[in-house]
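What follows is one structure encoded as structure tokens, with my remarks underneath.
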Amino acid sequence: MDKFMDRAVELSLENVRSGGTPFGAVLVKDGEIISEGVNELHHTYDSSGHAEMLAIRRAQAELKTLDLSDYTMYASGEPCPMCLSVMYISGIKKGYYCASVDEAAEVGMSISKEIYEDFKKDRAERKLVMKNMPLEEAQENPMDLWVEKNKN
């Protein structure tokens, strides 16, 4: 197995041994590990404290950049929709994982699979109800302000 995936799996094993879930991630650029993460939900009570998210946060904070387009993510498990979205937003173009969301669901960790399935549904049929609340006519529009400030 690839040395970076080996490290992601090693992190996930350490995390399980310390009471966490089996998820570790390694962010790599030019053949070097830039940052690492494990799911820290059991320590921080933060639902966004996933391995991939933390590896990305740490790299961006240290490097003072939002652009990770030249980086590769190695994760012990297939990224959940939240982590995958942040990978897209940060510009990551390539990633590898070991356990699939289906495999995770088989051992009782079904939330990622459930969310991926829910996203396939029309908005009105999803479990999470989201309703559009348009601005009042007299309210200043943040989108218009952003366009105005970024015309150059």
Side-chain angles (χ1 to χ4, degrees), residues 1-133 142-143 145-147 149-150:
M1 186 180 286
D2 179 278
K3 69 179 179 177
F4 302 121
M5 187 58 78
D6 281 346
R7 179 63 182 151
V9 171
E10 179 183 320
L11 288 168
S12 71
L13 290 167
E14 290 171 10
N15 202 42
V16 171
R17 289 184 183 108
S18 73
T21 53
F23 300 105
V26 175
L27 190 62
V28 174
K29 181 179 182 187
D30 298 330
E32 293 199 28
I33 295 174
I34 304 303
S35 62
E36 300 177 336
V38 297
N39 278 27
E40 295 182 0
L41 288 72
H42 63 295
H43 291 303
T44 62
Y45 301 97
D46 173 3
S47 295
S48 69
H50 289 200
E52 300 90 340
M53 294 276 289
L54 294 172
I56 290 168
R57 282 181 191 158
R58 290 173 181 142
Q60 289 179 325
E62 184 175 323
L63 301 169
K64 307 282 189 261
T65 185
L66 296 174
D67 181 11
L68 299 178
S69 57
D70 294 330
Y71 295 71
T72 302
M73 182 67 74
Y74 292 82
S76 63
E78 184 174 359
C80 75
M82 174 183 64
C83 292
L84 186 63
S85 295
V86 172
M87 290 169 65
Y88 271 101
I89 291 167
S90 64
I92 295 172
K93 293 181 176 59
K94 190 185 294 183
Y96 301 94
Y97 63 88
C98 280
S100 69
V101 294
D102 291 326
E103 291 171 297
E106 288 173 11
V107 297
M109 306 179 98
S110 62
I111 191 66
S112 291
K113 183 175 181 176
E114 291 171 16
I115 295 170
Y116 275 120
E117 291 298 320
D118 209 42
F119 280 168
K120 293 176 185 177
K121 299 175 185 173
D122 289 333
R123 282 187 182 99
E125 297 173 6
R126 293 181 187 162
K127 290 180 183 178
L128 176 59
V129 177
M130 293 293 300
K131 304 249 183 200
N132 180 253
M133 292 181 68
M143 297 293 180
L145 178 61
W146 185 85
V147 168
K149 292 181 81 57
N150 290 283

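The backbone N or O of Met5 sits less than 3.5 Å from a side-chain atom of Asp2, completing a donor-acceptor pair. Remark: side-chain polar atoms of Glu78 are paired, donor with acceptor, to backbone N or O of Val101 under 3.5 angstrom. The closest donor-acceptor contact from the side chain of Gln60 to the backbone of Leu66 lies under 3.5 Å.
Counting heavy atoms of neighbouring residues, nucleotides and ligands inside a 6.0 Å radius, atom NZ of Lys149 does not exceed 12 of them.
Contact of the Pro79 side chain with the Met87 side chain is registered, since non-hydrogen atoms from C-beta on lie closer than 4.5 Å. In this structure, Ile115 and Met82 have side chains that are not in contact, with every pair of non-hydrogen atoms separated by 4.5 Å or more. Under the 4.5 Å side-chain criterion, counting only non-hydrogen atoms from C-beta, Met130 is not in contact with Arg123. Looking only at side-chain heavy atoms (C-beta outward), His42 and Ser18 come within less than 4.5 Å of each other.
For the pairing with Asn39, the side chain to side chain contact (heavy atoms under 4.5 Å, CB included) check across Val16, Asn15, Leu54, Thr44 returns one residue only, Asn15.
A salt bridge is absent between Arg57 and Glu40: the closest approach of a Lys/Arg side-chain nitrogen to an acidic carboxylate oxygen does not fall below 4.0 angstrom. One finds no salt bridge joining Asp6 and Lys3 here, because no Lys/Arg side-chain nitrogen approaches an Asp/Glu carboxylate oxygen to under 4.0 Å. The pair Glu10-Arg7 meets the salt-bridge criterion, since a charged nitrogen lies less than 4.0 angstrom from a carboxylate oxygen.
Closest of all the heavy-atom pairs between Arg126 and Phe119 is NH2-O, 3.3 Å.
The aromatic rings of Tyr74 and Tyr96 lie parallel to each other, with less than 30° between the two planes, well short of the 60° mark.
Ser69 and Asp67 share a donor-acceptor pair across their side chains, judged by distance under 3.5 Å alone.
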